[in-house]
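Written below as structure tokens is the structure these notes are about.
Since this is a predicted model, take the numbers as computed values, not measurements.
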Amino acid sequence: MTAISPATLLELYESMVTMKLWDQTALRLLQEGRVLAGYHSGRGQEAIPAGGVAPLRRDDYLMYAHRGFGYTIAKGMSLAAMFGDLMANTAGATGGLGAGIPHFADPELGILGQGGTLGSCFGIATGAAFSAKYRGTDQVVVCFFGDGTANRGAFHESVNAAAAWKLPVVWICENNGYAVSVPVAESTAGRIVDRAAGYGMPGVRIDGMDVTEVYRATSEAVDRARAGEGPTLIEAMCHRFRGHYEGDPQVYRTEEETERLLALDPITNLEARLVADGIATDERLGELEVRVQDTIDRAVEEASSAPMPGPERLYEGLYV
Amino acid sequence: MTAISPATLLELYESMVTMKLWDQTALRLLQEGRVLAGYHSGRGQEAIPAGGVAPLRRDDYLMYAHRGFGYTIAKGMSLAAMFGDLMANTAGATGGLGAGIPHFADPELGILGQGGTLGSCFGIATGAAFSAKYRGTDQVVVCFFGDGTANRGAFHESVNAAAAWKLPVVWICENNGYAVSVPVAESTAGRIVDRAAGYGMPGVRIDGMDVTEVYRATSEAVDRARAGEGPTLIEAMCHRFRGHYEGDPQVYRTEEETERLLALDPITNLEARLVADGIATDERLGELEVRVQDTIDRAVEEASSAPMPGPERLYEGLYV
Amino acid sequence: MSQATATRTLTFSQAIREALREEMERDERVFVWGEDVAVYGGIYGATAGLLEQFGPGRVIDTPISETMIVGAAVGAAITGLRPVAELQSSGYFGIAMDELYHKAARWRYMHGGVFTVPLVIRLPEGAKGAGPEHDVSPEALFLSASGAYVVIPSDPADALGLMKSAIRDDNPVLFFEHAGLYAYRGEVPGGDHLVPLGEAAVKREGSDVTVIAWSRMVGESLRAAEQLEGEGIDVEVVDPRGLRPLDLDTILESVAKTGRVVIAHEAPKTGGAGGEVAAIIAEEALEYLESPIIRVASADVPIPQSRYLQQFLIPTAASVTEAVRRLD
Amino acid sequence: MSQATATRTLTFSQAIREALREEMERDERVFVWGEDVAVYGGIYGATAGLLEQFGPGRVIDTPISETMIVGAAVGAAITGLRPVAELQSSGYFGIAMDELYHKAARWRYMHGGVFTVPLVIRLPEGAKGAGPEHDVSPEALFLSASGAYVVIPSDPADALGLMKSAIRDDNPVLFFEHAGLYAYRGEVPGGDHLVPLGEAAVKREGSDVTVIAWSRMVGESLRAAEQLEGEGIDVEVVDPRGLRPLDLDTILESVAKTGRVVIAHEAPKTGGAGGEVAAIIAEEALEYLESPIIRVASADVPIPQSRYLQQFLIPTAASVTEAVRRLD
Ligand SMILES: Cc1ncc(C[n+]2csc(CCOP(=O)(O)OP(=O)(O)O)c2C)c(N)n1
Ligand SMILES: Cc1ncc(C[n+]2csc(CCOP(=O)(O)OP(=O)(O)O)c2C)c(N)n1
Ligand SMILES: [Mg+2]
Ligand SMILES: [Mg+2]
């Protein structure tokens with residue numbers, strides 16, 4: 001296990017802070033009635049998109065999940081564009097089509113989008129990985145999905161094909177213990193990580209609250225994929241701090257459970273570690289947070305100034 | 001491993017001989033142009049339906065596959081009715097709808113039918129097993145499917161649910177190495193049996209050319225299921241002697257390969273064993289074969305005398 | 001059936017729940033499954049309280065496995081149970097399409113009629129700001145699913161009565177519920193309120209124009225009719241309450257009376273079920289037509305997630321009014 | 001392109017194969033995948049010889065995983081390739097429905113138009129004695145799949161020219177091929193034969209009746225037209241060669257000329273695409289109609305496997321003749 005450099009740790013930290021502040025901002029906009037779609041907070045799970053995307057190159061591909069905006073933030077997507085999509089105005093990456101969250105994409109950054117039917121990601125990830133291999137590039141695909149989504153048949157079909165064809169994909173399951181209200185143990189037989197063996201590929205279960213574990217496991221899997229050694233399944237155990245979506249009464253878990261989780265905050269933990277290891281001071285981390293918030297505020301401002309689309313937008317882009 | 005009684009061995013033998021002679025007869029009818037649908041010969045794979053159905057009770061459920069008629073023969077379906085369906089006349093279990101092979105069923109015998117889209121069996125098997133448990137019976141479901149069919153997403157969804165809910169199903173994969181022309185190694189990552197672990201259920205790979213292995217493994221799995229201990233996956237390795245369907249040019253394998261297989265005939269092998277172990281004489285086995293052929297001939301005769309349906313048949317049975 | 005005879009005011013969602021409750025009380029073979037139907041009570045609340053009353057054996061949370069949800073419901077139905085399965089959104093039809101179209105609808109016929117397949121699949125539909133895959137109204141895709149019924153209530157009373165009939169019917173029923181209607185309140189008859197499947201309701205009588213509408217568009221059409229009444233146009237609103245079986249008699253009778261037809265549904269026009277209805281009229285009642293048949297429907301694009309843009313796309317009472325005015 | 005200009009006689013299946021071969025030669029990004037398409041050459045022979053010419057990197061046997069076949073084709077298409085994916089039977093549409101309807105057709109629009117999705121899905125359809133799940137002609141289910149094209153050739157020349165255009169098009173194309181046509185031979189123009197998508201062909205001119213037919217029913221309708229000519233009825237046969245985009249101009253022009261319409265397709269009548277076509281005519285060209293619009297189609301039941309029973313169910317030239325005679 002190679003050590004992660006202080007610089008990388010700081011980058012991961014900044015990435016997670018951006019996700020957290022993004023989330024806070026989105027919640028505020030939601031409260032203000034400025035968000036024209038539902039929102040699934042990613043609070044608590046930042047270590048996975050941060051550690052799972054950081055090992056990628058700009059031209060590597062990303063299939064992201066519906067929980068928060070961490071994946072695309074980490075891949076470098078324009079914050080203003082994402083806010084624009086949140087508000088369904090013309091600043092959005094969808095140009096105000098209001099395809100909204102989370103159906104935006106950026107081909108330049110390898111961001112391939114997201115389907116509203118869970119599990120859409122699997123086939124598209126396999127196809128993109130096939131494409132990379134076909135074109136003789138060494139691009140890699142990372143595909144994020146939840147524990148609940150892992151029970152879609154598309155998982156089986158796509159993961160099997162990718163493994164049989166030794167395609168460059170890294171499958172990252174964020175196991176936060178629930179699919180909306182349904183606990184993973186009630187819906188899922190066995191451990192998700194153990195499915196890997198059935199496809200003859202490596203599977204690794206990690207602590208998804210620790211960004212260094214995620215970063216290491218993903219880096220290794222990306223290296224394998226890039227070297228032509230095929231796919232890997234990573235099951236990252238984690239916790240969702242908030243409801244499935246905003247407004248979720250969370251009748252399926254106790255308030256104590258939710259309270260207890262907050263102590264596991266991946267950002268606070270990394271913060272403590274950075275300070276303890278002398279990589280950063282509280283002060284410096286505080287400055288970083290101010291800087292990130294400032295960037296986010298400017299992105300909101302930029303997005304807010306864009307107009308809403310006109311009805312003609314509906315008829316654009318359906319066909320080439 | 002308990003010994004299988006001589007009487008059971010003889011029953012299994014008779015069952016397999018019935019399947020073989022059924023197959024021969026079907027091929028003859030096909031040549032005579034009397035079969036109004038395609039046919040997938042089950043020659044070579046008789047040990048699996050014989051050993052996989054024999055442990056079932058009359059009220060246990062069967063979801064069968066498209067390869068041969070062994071499954072329903074073993075479950076006790078009327079031979080004349082099956083021939084009637086082959087000829088699409090009113091003797092058929094479908095009453096001449098000519099739903100043909102293999103879409104016949106017999107609820108009295110727990111024969112639940114078959115879908116033309118491969119993998120239909122999985123969901124229905126899970127549902128029937130759920131139903132048995134819900135109604136508080138101790139019925140068991142056996143579901144047969146090919147190696148190729150194992151790659152359908154429905155497998156994943158249904159097997160996971162059955163395992164999560166500890167339902168009484170036995171999943172029997174007949175791995176004959178090919179899905180039409182595609183070798184299993186090209187389409188399938190890992191070993192099918194290893195998928196069981198991913199669902200936290202037992203998986204066992206057996207020699208599917210040996211009816212005693214199939215019978216033992218299935219009996220054990222059926223007992224587990226009946227005792228409420230949940231599903232089992234059995235991967236029975238086997239060989240298909242003939243083409244995928246009649247007329248298949250088999251360009252995907254050499255004649256030598258096909259020739260070599262014939263030496264592995266599960267029926268000839270059992271025959272030799274029965275004689276060597278003093279369970280039966282050649283003569284007695286010969287008599288048995290004559291008797292079975294006679295039964296089959298009478299069934300063909302009975303079926304042949306039935307009229308074709310009239311156009312009104314089309315409009316019957318669509319709704320209750 | 002605590003309030004055996006008194007009329008009640010229920011939301012559409014409560015009406016569905018009451019139907020489930022009454023039928024589950026009546027028949028032990030009836031059970032409910034789907035994603036988040038148990039503890040959570042369904043994301044639209046339509047199964048709230050059922051877990052508490054009937055326990056986890058009959059109110060079952062499934063994995064996110066729509067293929068299995070429908071396929072296993074068929075397996076349960078042909079072995080003696082009466083499943084009511086929920087797809088959390090009808091937008092997931094594509095994941096279970098083989099099971100809906102080829103298994104639920106055809107298992108009986110395909111096997112010569114030896115089984116019955118008594119099941120109900122609940123399919124919440126319609127625009128709600130959840131994106132192009134969710135906001136669909138895909139009932140037209142099941143017009144050709146011979147062997148199944150397609151039922152679509154437009155108000156709480158029909159939701160209750162149709163659901164109860166659907167559960168009691170021995171045929172598979174695809175039951176579409178517009179998500180925008182769940183919170184809508186209405187009077188519901190007391191007692192064992194059953195509405196027969198395949199019977200249209202004339203929701204408003206009129207003599208000048210027939211508006212054939214279902215689901216959310218029934219309410220919109222009634223509002224349009226009121227508006228048009230002021231302009232001296234007397235609109236009849238016919239709600240087929242489903243597409244299979246289709247109550248042709250009621251539709252053709254109305255057309256024969258008015259000679260003018262508007263068909264209104266929320267699904268985009270091309271490929272919507274309005275096409276089938278219009279074609280039947282053009283084949284069976286052309287002689288009565290005094291004006292082209294106008295279809296009022298969403299524009300021919302995927303329904304975008306943005307509610308802002310949806311306002312330019314989704315038909316309303318105004319769209320019906322405008323269409324009626326355009327008739328010759 | 002060895003026979004650059006000479007006309008050739010090809011079967012429908014060979015025409016598809018030639019289109020694939022020519023386009024694979026022209027463009028390295030084009031590849032083919034599906035079940036048994038490589039060594040086996042496809043169960044209808046439509047990919048025979050491609051493996052030998054282009055190698056296993058471009059002619060790929062897939063697992064029996066229709067969801068993946070279509071889903072991964074979308075993934076390949078949005079990352080620079082041009083997949084031609086085969087479903088071994090269009091009867092498997094239900095397994096890949098979410099991928100066909102919501103992914104292939106809508107990935108572009110849904111993401112604001114930032115991608116193109118240049119792919120072709122080959123869908124063999126039609127009655128052939130393979131059972132109710134296989135013998136379907138499900139093109140109508142994609143009428144509402146805005147974002148995709150629906151293309152349906154009826155003879156070898158169109159099969160070649162439409163397939164080549166489909167592969168070159170940057171939009172997703174669902175390409176239906178009637179299994180009963182594969183062995184049918186016909187003249188095919190030489191050179192780089194392209195037929196534009198969305199342009200109807202008047203396969204026979206006539207002045208009395210317009211028969212709108214596609215797929216196998218075009219040939220049947222032409223035979224019917226010959227028969228009717230002897231009876232003094234002059235039939236025009238319009239083949240839209242697909243449903244999306246639909247060449248309304250050609251259809252409406254013909255209707256304006258003849259005033260009488262028969263629509264013929266093999267799919268069962270209810271829910272078949274004839275409904276959409278009839279509805280458009282009833283909305284846009286009612287004034288020209290001198291007779292009800294008659295739809296010729298299969299009866300409203302699943303297509304049984306028995307070829308014996310199929311004879312009572314599947315429309316033929318005689319069904320078209322009979323319908324035309326019934327017109328006012
Ligand atoms: C095919 C499909 N089924 C159901 C849904 C509705 N849905 C949206 S998110 C969700 C839960 C997903 O759980 P999981 O995959 O564990 O991700 P998490 O929300 O926990 O991050 C459900 C059921 C959907 N969008 N698509
Ligand atoms: C969903 C689906 N895809 C494809 C087919 C066509 N098909 C029929 S049998 C078969 C091969 C099945 O292989 P396997 O499951 O290994 O069974 P085997 O034929 O070897 O017994 C195929 C591809 C089908 N019927 N259904
Ligand atoms: Mg989860
Ligand atoms: Mg096989």
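One finds the CE atom of A:M308 at 5.0 Å from the OG atom of C:S306 (value rounded to the nearest 0.5 Å). The structure places CZ of A:F155 at 13.5 Å from CD1 of C:I64, a figure rounded to the nearest 0.5 Å.
Both the backbone and the side chain of A:R152 come within less than 4.5 Å of a heavy atom in chain C. Both the backbone and the side chain of A:T117 come within less than 4.5 Å of a heavy atom of chain C. Contact annotation for C:S65: both backbone and side-chain heavy atoms come within less than 4.5 Å of a heavy atom of chain A. Proximity to chain C (any heavy atom under 4.5 Å) is shown, for A:L314, by both the backbone and the side chain.
In the displayed structure, C:E28 atom CD is contacted under 6.0 Å by at most 12 heavy atoms of other residues, nucleotides or ligands. In A:E255, the CD atom is not crowded: 12 or fewer heavy atoms of neighbouring residues, nucleotides or ligands sit closer than 6.0 Å. Within a 6.0 Å sphere centred on CZ of C:R307, heavy atoms belonging to other residues, nucleotides or ligands number 12 at most.
One side chain, A:D248 or C:Y40, offers a donor N or O that lies under 3.5 Å from an acceptor on the other.
Taking 4.5 Å as the limit, some side-chain heavy atom of C:P302 sits within range of a side-chain heavy atom of A:L318. Looking only at side-chain heavy atoms (C-beta outward), C:L309 and A:P309 come within less than 4.5 Å of each other.
Counting all heavy atoms, side chain and backbone alike, A:S187 lies closest to C:P63 at O-CG, 3.3 Å. Here the closest heavy-atom approach between residue C:P132 and residue A:H103 is recorded as CD-CD2, 4.4 Å. Taking all atoms of both residues into account, the shortest heavy-atom contact from C:F312 to A:G310 is CE1-C, 4.5 Å. Pairing each heavy atom of A:A179 with each of C:D36, the nearest pair is O-OD1, 3.4 Å. When every heavy atom of A:L36 is checked against every heavy atom of C:Y308, the shortest pair comes out as CD1-CB, 3.7 Å.
Within residues 240-247 of chain A, the residues having any heavy atom closer than 4.5 Å to a heavy atom of chain C are A:Y245, listed by residue number.
Interface remark: of the candidates C:H134, C:Q311, C:Q310, C:H134 forms the most heavy-atom pairs closer than 4.5 Å to chain A. Your options are A:G115, A:G119, A:G38, and the one with the most heavy-atom pairs under 4.5 Å with chain C is A:G115.
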Check against side chain to side chain contact (heavy atoms under 4.5 Å, CB included), A:V182 and C:E35: CA-CA 8 Å; A:V182 184; C:E35 293 154 19; 5.8 Å; no
